[in-house]
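Down below is the structure, laid out as structure tokens.
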There are 2 protein chains.
Amino acid sequence: MPERRSRKDAVRNREAVLAAADALFSRRESPEDVTMADVAAAAGVGKGTLFRAFGDRAGLLRALYAARLASMREAVESGPPPLGPATPPRERVPALLDAVLCFKLDNRPLALALEGSGNGSPYRAEHYAWWHGLLRTVLEQIPGLAEPGFTAHALLAATRADLVEHLAGKECLSRQQLRAQLKEFSVRALSSASR
Amino acid sequence: MPERRSRKDAVRNREAVLAAADALFSRRESPEDVTMADVAAAAGVGKGTLFRAFGDRAGLLRALYAARLASMREAVESGPPPLGPATPPRERVPALLDAVLCFKLDNRPLALALEGSGNGSPYRAEHYAWWHGLLRTVLEQIPGLAEPGFTAHALLAATRADLVEHLAGKECLSRQQLRAQLKEFSVRALSSASR
DNA sequence: GACGATACGGACCGCCGGTCCGCTTGGCAA
DNA sequence: TTGCCAAGCGGACCGGCGGTCCGTATCGTC
């Protein structure tokens, strides 16, 4: 299985598209009005190339998301506390949620585009499965906490991109306030278990 | 301001559309493949009539949703415990969330369509504002519970239509399991406050 | 019965995600 | 260096959707 190599113009174009899309989603306010044609044009590439490289719109979004998420994934999987695996569960859960929140705040249009992409639910994306699996295993280490699977879903739901957008935009909460309130909530959701 | 009456063929058509849409969203599995043209055809009405009556797709969905929600609204605002206003806050919160959950389970395609309607976030819809306002005022009556506004959002987020869909569909949780887990979660989220 | 306001309906529009296919280019072998 | 062909390119094209427009039909009133 020799793992067929891509031609190098293909990888160059792939990078160009990724960079262009990254820039567009950062600049434009609403993710809705970044079209595939826009991205292709901004990357100096034909639409065919774009779709060949990423399959469809959701594929592009996922690739972008994954790229931006990479550093945090590493920090979570093998970094120092409070995010890394050496942290005691009761502290790590709020830290993880805080990280998710901050990530979504820093990547609002992209997160919005990905979660809101009409067709498939956000729950099928592999990055969600990763977050959920991780959070669940951490929750499982807290004695007396029933239903870690559901709890993980429910806690992550509090960081949904459109909710964050609503709170930060319409209700004018600052980053600090949001983080504090989410922390408060997550701690409370864990506090009664096996005290 | 004499509150201009509608012509009666107009109201008849409006009802027909509502009924047709109701049926379509119940029958078809994915809300995505119920188009406006489908609804118009099923109602025996032109597209122009449909759009005149409801403005746009989101308007139709909201109208449908509101109609189905009416009975529950009444039960919440002036019904008997555990949903009605006479219930003590600590019991009413889980009851309210359970009601939301059951409603979404009973109206999966519609809820999915409304929350997932690409353009505007679900948080701008007036029915969400109503749920949130209600839940917040109930939470405010629980002493020692900080940030009732955020808590209300976070708890409601655990009942998001696509999450419910995922849990009921992909993870194969039964109605009973879902309700039990949500109840467990909501109780825990309240439990530590001023015991 | 007549007449203005209101509503009807379906042809039509613009847009967007996604496909297709004739042309170009990279990479390998002779 | 040359020749060859698979891999890749790109933009014209397509199907379908939400939404609009306007000539026609209907309502309701005088």
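What you see below is based on every heavy atom in this structure, not just the backbone, and it leaves out hydrogens, waters and symmetry mates.
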May I have the distance from [X] (atom [atom1]) to [N] (atom [atom2]), rounded to whole angstrom?
{"X": "R52(B)", "N": "dC27(D)", "atom1": "CZ", "atom2": "C1'", "result": "14 Å"}
{"X": "R12(A)", "N": "dT25(C)", "atom1": "CZ", "atom2": "P", "result": "11 Å"}
{"X": "L50(A)", "N": "dG8(D)", "atom1": "CG", "atom2": "C1'", "result": "14 Å"}
{"X": "D38(B)", "N": "dG19(D)", "atom1": "CG", "atom2": "C1'", "result": "15 Å"}
{"X": "D9(A)", "N": "dG27(C)", "atom1": "CG", "atom2": "P", "result": "7 Å"}
{"X": "R14(B)", "N": "dC8(C)", "atom1": "CZ", "atom2": "P", "result": "11 Å"}
{"X": "E32(A)", "N": "dG17(C)", "atom1": "CD", "atom2": "C1'", "result": "13 Å"}
{"X": "L60(B)", "N": "dG19(D)", "atom1": "CG", "atom2": "P", "result": "10 Å"}

Quick check on [N]: is either OP1 or OP2 less than 4.0 Å from any side-chain nitrogen or oxygen of [X]?
{"X": "T49(A)", "N": "dG8(D)", "answer": "no"}
{"X": "R57(B)", "N": "dG18(D)", "answer": "yes"}
{"X": "N13(A)", "N": "dG8(D)", "answer": "no"}

Got a donor-acceptor contact below 3.5 angstrom from the [X] side chain to the [Y] backbone?
{"X": "E147(A)", "Y": "Q181(B)", "result": "no"}
{"X": "K104(A)", "Y": "V164(A)", "result": "no"}
{"X": "D98(A)", "Y": "A95(A)", "result": "no"}

(message) Quick check: closest heavy atoms across L173(A) and Q177(A), and the distance to 0.1 Å?
(response) CA-OE1, 3.5 Å
(request) Would you indicate which nucleotide in dT25(C), dA7(C), dG17(C) comes nearest to any side-chain atom of K47(A)? (result) dG17(C)
(message) Can you tell me which nucleotide in dG10(D), dG19(D), dA7(C) comes closest to the side chain of A10(B)?
(response)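 The answer is dA7(C).
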(message) Quick check on DNA chain D: between G55(B) and T35(B), whose nearest nucleotide comes earlier from the 5' end?
(response)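 Nearest-nucleotide comparison on DNA chain D picks T35(B).
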(message) With nearest nucleotide decided by heavy atoms, which residue, R7(B) or G48(A), maps closer to the 5′ end of DNA chain D?
(response) G48(A)
(message) Heavy-atom count check: over 12 atoms from other residues, nucleotides or ligands less than 6.0 Å from E77(B) CD?
(response)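 Yes, CD of E77(B) has more than 12 neighbouring heavy atoms, counting only those of other groups under 6.0 Å.
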